[in-house]
There are 2 protein chains.
Amino acid sequence: MPTQSSQPATIASPAAEDVTRVAVSTVIFTLRRTDAADCPALALPLVRRTRDPYDDRWALPGGWLDITESLDAAAARTLGETTGLAPSYLEQLYAFGAVDRSPTRVVSIVYWALLRPDDASAGLRDQDGYDPENVAWFAVDDLPHLAFDHNEIIDYALWRLRNKVGYSRIAHGLLADEFTLADLREVYESILGRRLDPANFRRQVEGSGTLLPTDRFRTGNHRPARLYRYNHEVALADLGPLARRSPRRSPS
Amino acid sequence: MPTQSSQPATIASPAAEDVTRVAVSTVIFTLRRTDAADCPALALPLVRRTRDPYDDRWALPGGWLDITESLDAAAARTLGETTGLAPSYLEQLYAFGAVDRSPTRVVSIVYWALLRPDDASAGLRDQDGYDPENVAWFAVDDLPHLAFDHNEIIDYALWRLRNKVGYSRIAHGLLADEFTLADLREVYESILGRRLDPANFRRQVEGSGTLLPTDRFRTGNHRPARLYRYNHEVALADLGPLARRSPRRSPS
DNA sequence: GCAAAAGTGTTATGTATACACCCATGA
DNA sequence: TCATGGGTGTATACATAACACTTTTGC
């Protein structure tokens, strides 16, 4: 299920019709402020297809698995090639392999990723080698009808994100290096879709030991708020025994 | 990473060396009573390989993905062909795709499964089409050095099982149709590796609404214990949006 | 001063845990 | 009758939630 918009067919992709090919796609979440809205909303980048099947339809960024690269590497590479983005968090989501999900037989290893807001704009501007015309951001609650089974894949990724934010610390993957507790709370509120008590939220997150207070404050309209950074001593998310094999670090 | 012990090469498996092939394997857990041990222990069936690579080494049951079947179907099929077993619970675990995990490039979609004790013995006896000589059960804490990266895969499956038993009701997948609360508690104790308070366990599980009391009792050495059955109205595990597409039922 | 967000304190409620205790059966 | 596991009751600790309250800034 390749979605390399307009770039030439670089990677060796067996064209045979009687073989199962392996593709890698990624659902990339970030938070975007919509104008005149109180709360930022989850958004993701999609790539417009420029060939059949599903020509001209929006799809998840992705591409074929190269025979010389691991699945993780393929996810990061295809993501960069199609959108120019480098996520702060990347984790395998699920392998989709229904027979009829594509005209030819394709098994897609799908990843899901988190992006810091500053990385989101940077990626789409600075990089080259991809086609910015055919990359666009969509709010997750206002998606078009996508190619393949990508709508269902995004539904599943959203479910995983909302689940994981409850027992893990991945919300930091959506924030810049320094942030206030209100910033962090806003991330949780956007993902979970409900308001959280500022007082209780503070105690919970302070007691977890995942935050390091700085000496800096963000000044604004009201009382200055202390800036925190993430404590990298504690893992962003417990991936189990897999994490020990390929430790993943945020690029900062 | 096929492990079809001695059966002929039935499935079309592209022999080309410059192509990525897709295999499906399954980690099947069940509980087995070891003699003179107070608590049953987790065990899983392995298949002895009868060809290179890793000839004569034990490996997870599995086989090549057929081009006409879904991943789920391939997991169930290869499982039956190699071991004659039909699990009560089957869920995708992870896709393993390191470049060097096999001499040729193989991406393995790994499933994990639970088996009722009565199914465990039945499977290995009654079915045919597989080679019982090359299938054996091993305790999870006493595994040999396996083929490929299968030791790491089992570690990860164990981690997932122990995690999931905490927030899901999958323990029923390891029990017969009717069971006492002590049976169920024993399952939890075996998986988690620690004793649980019988009184608190009873209240917790009774309050969850997942059990239906029957009129029958198991009589034994002491006071008879009420038999329960699982309430199929509530899902065995919340698989998210994926469950709605392919509902999985226990064979009973 | 006033509004609004930062930050602290207090209390109610629910859940997990520990453990005392009674019940019912086989031997 | 006694040992043992089945089953009930209850006190304690801990996490969560609700909310009153003080602090600090911009306007």
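Hydrogens, waters and symmetry mates play no part in the numbers below; they use all other heavy atoms, side chains included. Chain A is the first sequence line, chain B the second, and so forth, proteins listed ahead of strands; every chain is numbered from 1.
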Chain A footprint on DNA chain C, 5' to 3' - any atom under 4.0 Å from a heavy atom: dA4(C) to dT10(C)
Could you work out, with side-chain contact (heavy atoms from CB on, under 4.5 Å) as the rule, every residue matching Ala182(B), not counting sequence neighbours? Thr180(B), Arg185(B)
Ring pair (Phe, Tyr, Trp, His ring centres under 6.0 Å) filter on Tyr156(B), not counting sequence neighbours, yields Tyr94(B), Trp159(B)
How would you list, by chain and number, every residue that makes a side-chain contact (heavy atoms from CB on, under 4.5 Å) with Arg223(B), sequence neighbours excluded? none
Counterpart residues, side-chain contact (heavy atoms from CB on, under 4.5 Å), relative to Ala43(A) (two or more places apart): Arg32(A), Trp137(A)
Output all residues satisfying salt bridge (Lys or Arg N to Asp or Glu O under 4.0 Å) with Arg216(B), sequence neighbours left out; order by chain, then residue number. Glu178(B)
Using a 4.0 Å cut-off on heavy atoms, which residues in residues 217-224 of chain A reach DNA chain C? List them by number, or say none. His222(A), Arg223(A), Pro224(A)
Considering residues at least two apart in sequence or located in another chain, which fulfil the ring pair (Phe, Tyr, Trp, His ring centres under 6.0 Å) criterion with Tyr230(A)? His172(A), His232(A)
Apply side-chain hydrogen bond (donor to acceptor under 3.5 Å, both in side chains) to Asn200(B) and list each qualifying residue two or more places apart in sequence or on a separate chain. Arg203(B)
Near-strand residues of residues 194-202 of chain A, defined as heavy-atom separation under 4.0 angstrom from DNA chain D: Asp197(A), Ala199(A), Asn200(A)
Sorted by chain and number, sequence neighbours left out, ring pair (Phe, Tyr, Trp, His ring centres under 6.0 Å) with Phe29(B) holds for none
Who pairs with Tyr167(B) by side-chain contact (heavy atoms from CB on, under 4.5 Å), at least two apart in sequence or on another chain? Lys164(B)
